[in-house]
Amino acid sequence: MNDLATACRHYDIVARAIVHLRRHARSQPTLAELAAVVGLSPAHLQRVFAEWAGISPKRFVQHLTREYARSRLRAAADTLSVALDAGLSGNGRLHDLMIVGEAMTPGEIQRGGEGVTLDYGSGPTPFGIAFLAWNGRGICHLSFIGDDGAASLATLAEEWPRAAMRRSDEGAAAMLQRIFGELVSGVPLHLQLRGSNFQLKVWEALIRVPPGEVLSYGQLAGRIGAPRAQRAVGSALAANDIGFLIPCHRVIRDSGESGNYRWGEERKLALQLWEAGRRAPDA
């Protein structure tokens, strides 16, 4: 009961902090300013917010700033005006912010991906046909499909409306061979991750889980320093567009059950079994 009461109090604190941050994100409020609003010391607020939300107040402000900047850039506003209006010091800060979360420069976002060539295609894997997309910065999409990939292609076109789309089933097949063949031996591949600070944190922690191992939502939440953010962890996994390489199939329920999987629970179990069978005997 005491734990529930504490969780309730922490929720109230975080909720008030979020309201303030949303209202004042463009002024880039400091931790000290926010702590004064909710009536806690900066250190106490930092701990409560990070434990409950999975990220710090500063990271949350960055997320709000990035969302605002992205919408302004897509409306074709000039980058310096967007940066200053979002509370950033200039184009350099805006560039760094968008590269981290969107994997695109402000100019590329503004142009809807114009000037970017996006290769895509489909090919066989040990788990059925997969749809793959990549560009010069890395793989940006991998999904298991039961059709010709039309839905996956539509998603890409929405995210990159002016990018040059180039189909290459041969290139996709070669890359899938590398992913499902050589990668087991540790050959690195570059991924182009696009998501919120929290999602990136979850995905990066998950990538570090070795093949053949599984962990629960609670354990994954603990690894990112947010043991109470299990539901948010689940939402981050559901938003993953790069299957297998961001291995959400390695996460199971705390009860030990397999749990849901975007591309089918049977495929999730097959992935776990396949990886376990290829794990080094002394691992």
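Below, all heavy atoms of this structure are taken into account, side chains as well, without hydrogens, waters or symmetry copies.
- Atom-to-atom distance recorded for Glu266:CD and Leu271:CG is 12.0 Å, nearest 0.5 angstrom.
- One hydrophobic cluster holds both Met175 and Ile207 under the rule that ILVMFWY side chains link at heavy-atom gaps under 4.5 Å.
- Interatomic distance, Leu45 CG to Leu34 CG, rounded to the nearest 0.5 Å: 5.0 Å.
- Side-chain contact between His190 and Arg137 is absent, with no heavy-atom pair separated by less than 4.5 Å.
- A 4.5 Å side-chain heavy-atom check between Tyr120 and Arg166 finds every atom pair outside the cut-off.
- Residues Ile252 and Leu215 fail the side-chain proximity criterion, which asks for heavy atoms closer than 4.5 Å.
- Put simply, the side chain of Val61 does not reach to within 4.5 Å of the side chain of Lys58, judged on heavy atoms.
- Of the residues listed (Arg267, Lys268, Glu275, Gln272), the one engaging His249 in a side chain to side chain donor-acceptor pair (under 3.5 Å) is Glu275, and it is the only one.
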Full working for side chain to side chain contact (heavy atoms under 4.5 Å, CB included) between Thr125 and Phe244: CA-CA 11 Å; Thr125 78; Phe244 185 73; over 6 Å; no
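- In terms of heavy-atom proximity, Ala229 sits nearest to Ala221 at C-CB, 4.3 Å.
- Using the six-membered ring where Trp is involved, His20 and His24 have ring planes that are tilted, between 30° and 60° apart.
- There is no side-chain donor-acceptor pair under 3.5 Å between Ser56 and Gln46.
- Judged purely by atom type and a 3.5 angstrom limit, Trp203 uses its side chain to pair as donor or acceptor with the backbone of Ala236.
- When all heavy atoms of Gly218 and Asp254 are compared, the pair lying nearest together is N-OD1, 3.4 Å.
- Of the inter-residue distances, the one linking Ile246 atom CD1 with Asn240 atom CG reads 4.5 Å to the nearest 0.5 angstrom.
- If you take CZ on Arg262 and SG on Cys248, they are separated by 8.0 Å, rounding to the nearest 0.5 Å.
- No donor-acceptor pair closer than 3.5 Å links the side chain of Glu204 to the backbone N or O of Lys201.
- Every residue was checked against the salt bridge (charged side-chain N to carboxylate O under 4.0 Å, His left out) condition with Arg22, not counting sequence neighbours, and none meets it.
- To the nearest 0.5 Å, atom OG of residue Ser122 and atom CD1 of residue Ile129 are 6.5 Å apart.
- The closest donor-acceptor contact from the side chain of Glu33 to the backbone of Thr30 lies under 3.5 Å.
- At least one side-chain heavy atom of Leu153 sits under 4.5 Å from a side-chain heavy atom of Met165.
- Across all their heavy atoms, Phe131 and Ile145 have their closest contact at CB-CG2, 3.9 Å.
- Here the side chains of Val233 and Val251 are not in contact, with every heavy-atom distance at 4.5 Å or above.
- Contact check for Asp241 versus Cys140: no side-chain heavy atoms found under the 4.5 Å cut-off.
- At a cut-off of 3.5 Å, with distance as the only test, no side-chain donor of Asp119 or Ser168 sits close to an acceptor on the other residue.
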Chi angles and distances behind the side chain to side chain contact (heavy atoms under 4.5 Å, CB included) call for Arg26, Thr65: CA-CA 7 Å; Arg26 288 162 62 186; Thr65 302; over 6 Å; no
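- Under the 30°/60° scheme for interplanar angles, the aromatic rings of Phe127 and Phe180 are found to be tilted.
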Stepwise side chain to side chain contact (heavy atoms under 4.5 Å, CB included) test for Thr117 and Asn135: CA-CA 6 Å; Thr117 298; Asn135 58 36; over 6 Å; no
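- Glu265 and Asn260 share no donor-acceptor pair across their side chains, judged by distance under 3.5 Å alone.
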How far apart are the C-alpha atoms of Ile18 and Leu21, what are their side-chain angles, what is the distance that settles it, and do they pass the side chain to side chain contact (heavy atoms under 4.5 Å, CB included) test? CA-CA 5 Å; Ile18 288 174; Leu21 292 175; 5.5 Å; no
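- Between the CG atom of Leu245 and the CD1 atom of Ile179 there is a distance of 4.5 Å, given to the nearest 0.5 Å.
- Using a 4.5 Å heavy-atom cutoff, the side chains of Phe198 and Ile224 are in contact.
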